[in-house]
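For ligands, and for the atoms within them, numbers begin at 1 and follow the listed sequence. As a basis for the values below, the full set of heavy atoms in this structure was taken, side chains included, without hydrogen atoms, waters or symmetry mates.
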Amino acid sequence: MDTGNTVLFFDTTLRDGEQSPGATLNVEEKLEIARQLSRLGVDICEAGFPIASQGDFDAVHRIAEEIGPMTEGRKSGQPMVIAGLARANETDIQRAYDAVKVAPRHRIHTFLATSDIHLKHKLKIDREECIEQTIKAVSFARSLCGDVEFSPEDAGRSDPDFLVQVLTEAIKAGATTLNIPDTVGYTTPEEYGWLIKYLIEKTPGADTVIWSTHCHNDLGLATANTLAGVQSGARQVEVTINGIGERAGNTSLEEVAMTLQTRPTTFNLEHNIDTTQITRTSRMVSAYTGMVVQPNKAIVGANAFAHEAGIHQDGMLKHHQTYEIMRPETVGLNASTLVMGKHSGRHAFRVRLKEMGYGDLDKEDLDAAFKRFKHLADKKKVVTDADLEAIIADEVYQPPEIWKLNNIQVSCGDHSMPTASVSLTGPDGVEYRDAALGTGPVDAVYQAVNRIIGTSNRLTEFTINAVTEGLDAIAETTIRIQPDEGGGEYGFNPQTNQPFARTFSGHGASTDIVVASARAYLSALNKMLAAREEKASVVEQKAIA
Ligand code: KIV
Ligand code: ZN
């Protein structure tokens, strides 16, 4: 199939990305990320794996319903295609279809492993059975939906001639996109580029489908492999924001988009990504998943556009192109110098938020965000877009508040035991207070919260970042917690058929780092408690049935 000169971006942050250990997202966060992916210009959004759980199904369905029709600000003028993943069996495929069908443009993505290693040890089927199952699955998917993607899992380690056989049958059965996963990130760019070229040349009907790349980053080669695939004729790239995903992650969207953009004569290809939305999307995904971006990460790392060495700074001052191949503005960094301050009113605040893409906040959220803005503007002379984003993330995009933080007071220093007293409002609307000692002020706050709620967790990650420069900057804290033994919540990954212990991330922002840390803890705890309630209600429903 001809996409012209355009490379389609298939984003799987909400599916493969969410499979990263600890990256569990709640429905509201998934919706917000999907909305942002639409603004970013993603062509196809893989919203999840609907068979994995009722929660996954509901999230995909809501994305299909609410984000599926969105066209606002999109370069392509068309809404995103919403895709759902399914193993190659009728139950999974039907479930994926039921979840996505409400979107004006929807896709079923079904997969079956083809490498001998997977056939023998995981699926326990032979090559013939693999072909039969492919035909059955793709035909069934096609009977439901006009847009069907098929992926031969572990293609990177599969026999290329067997792949040709499987893919030939997939095309005959009605597949419209063929995706070639390097599931374990094993191939080199030369090998992966060769594989795509070989498959396109040898598979009858190759020109009737779109060929797609899907590379994992185990050897740090995912972006290079993806670009090699594109140079061999692939016209869809499967990527995630910040490259998050299983193990070392997937190809990162921002790296591929900026390479196509920065090297136009090398690739001579178009895309629909609005690159000025990259930084914002990256920050949102990092805050919601709790997966912190390494400072030297290409395009979106904190140092990606920083010039430290004197010789570089000197060159930059003389001419920015001496050491800069991309302008920071092209990825949405420092995009706006328009600042707000304590004299800015509600109207200016609303207009600015609308310009930043937050035009759809309801009155309650807008009021809460405005209150926080005013509070901040009293402490900080200049409020930038980055501050506003931190406020929105902290105030609006939080899990429902089962427990609400009222206030905290800490005493600490090098001559006393850190002590915290905390006031929370519980699910019953009653105020609870308690105090605790800790190894530091944050620990003391967390211990006091634990005493009130009656929970205990392991803190598996804690990061704190200043949103802007300066001592008056907002601090954004991201944490991850794992419930202690006995209280562990389990997710299920149908791809590996394995349960996994879930971790819960939380984020909070404040000019006070202890308050930001407390808000992050409450955010993670509220997610954990909601998941526990959901699990309890499923068990109860099953018992009734
Ligand atoms: O890595 C992989 O093989 C996958 C498939 C399900 C496409 O994620
Ligand atoms: Zn994958």
Problem - Residues E46, R107: salt bridge by 4.0 Å N-O rule - result: no

Practice task
Compare every heavy atom of E254 with every heavy atom of A298, then report the nearest pair and how far apart it is.
Solution key: O-CG, 4.4 Å

Problem - Contact check, H109 vs ligand 1, heavy-atom distance below 4.0 Å - result: yes

Handout entry: ligand 1 N/O within reach of H214 N/O, cut-off under 3.5 Å
Key = yes

Problem - Salt-bridge criterion met for K527 and E29 (N-O under 4.0 Å) - result: yes

Exercise for the section: Considering the heavy atoms of E153, write down every atom of ligand 1 situated less than 4.0 Å from one of them. Expected result: 3 (O)

Practice task
Answer yes or no: is there an ion pair linking D147 with R105, defined by an N-O contact shorter than 4.0 Å?
Solution key: no

Exercise for the section: Could you tell me whether K122 and E153 make a salt bridge, using a distance below 4.0 angstrom between a side-chain N and a carboxylate O? Expected result: yes

Practice task
Please could you name the atoms of ligand 1 that P181 approaches to less than 4.0 Å, counting only its heavy atoms?
Solution key: 2 (C), 3 (O)

Exercise for the section: Indicate yes or no: does an N/O atom of D16 lie under 3.5 Å from an N/O atom of ligand 1? Expected result: yes

Problem - Side chain, backbone, both or neither: E246 near ligand 1, heavy atoms under 4.0 Å - result: neither

Practice task
May I ask you to say whether E28 pairs ionically with R62, meaning some side-chain N is under 4.0 Å from a carboxylate O?
Solution key: yes

Exercise for the section: Could you say whether the N/O atoms of N179 and ligand 1 ever approach to under 3.5 Å? Expected result: no

Handout entry: T183 N/O under 3.5 Å from ligand 1 N/O
Key = yes

Exercise for the section: Could you tell me if any non-hydrogen atom of R15 lies under 4.0 Å from any atom of ligand 1? Expected result: yes

Exercise for the section: Measure from the Zn ion (ligand 2) to each N, O or S atom of D16 and report whether any distance is below 2.8 Å. Expected result: yes

Handout entry: Atom indices of ligand 1 within 4.0 angstrom of H216 heavy atoms, with elements
Key = 1 (O)

Problem - Carboxylate-amine/guanidinium contact D56 R15, below 4.0 Å - result: no

Practice task
Indicate yes or no: does K172 engage E169 in a salt bridge with an N to O separation below 4.0 Å.
Solution key: yes

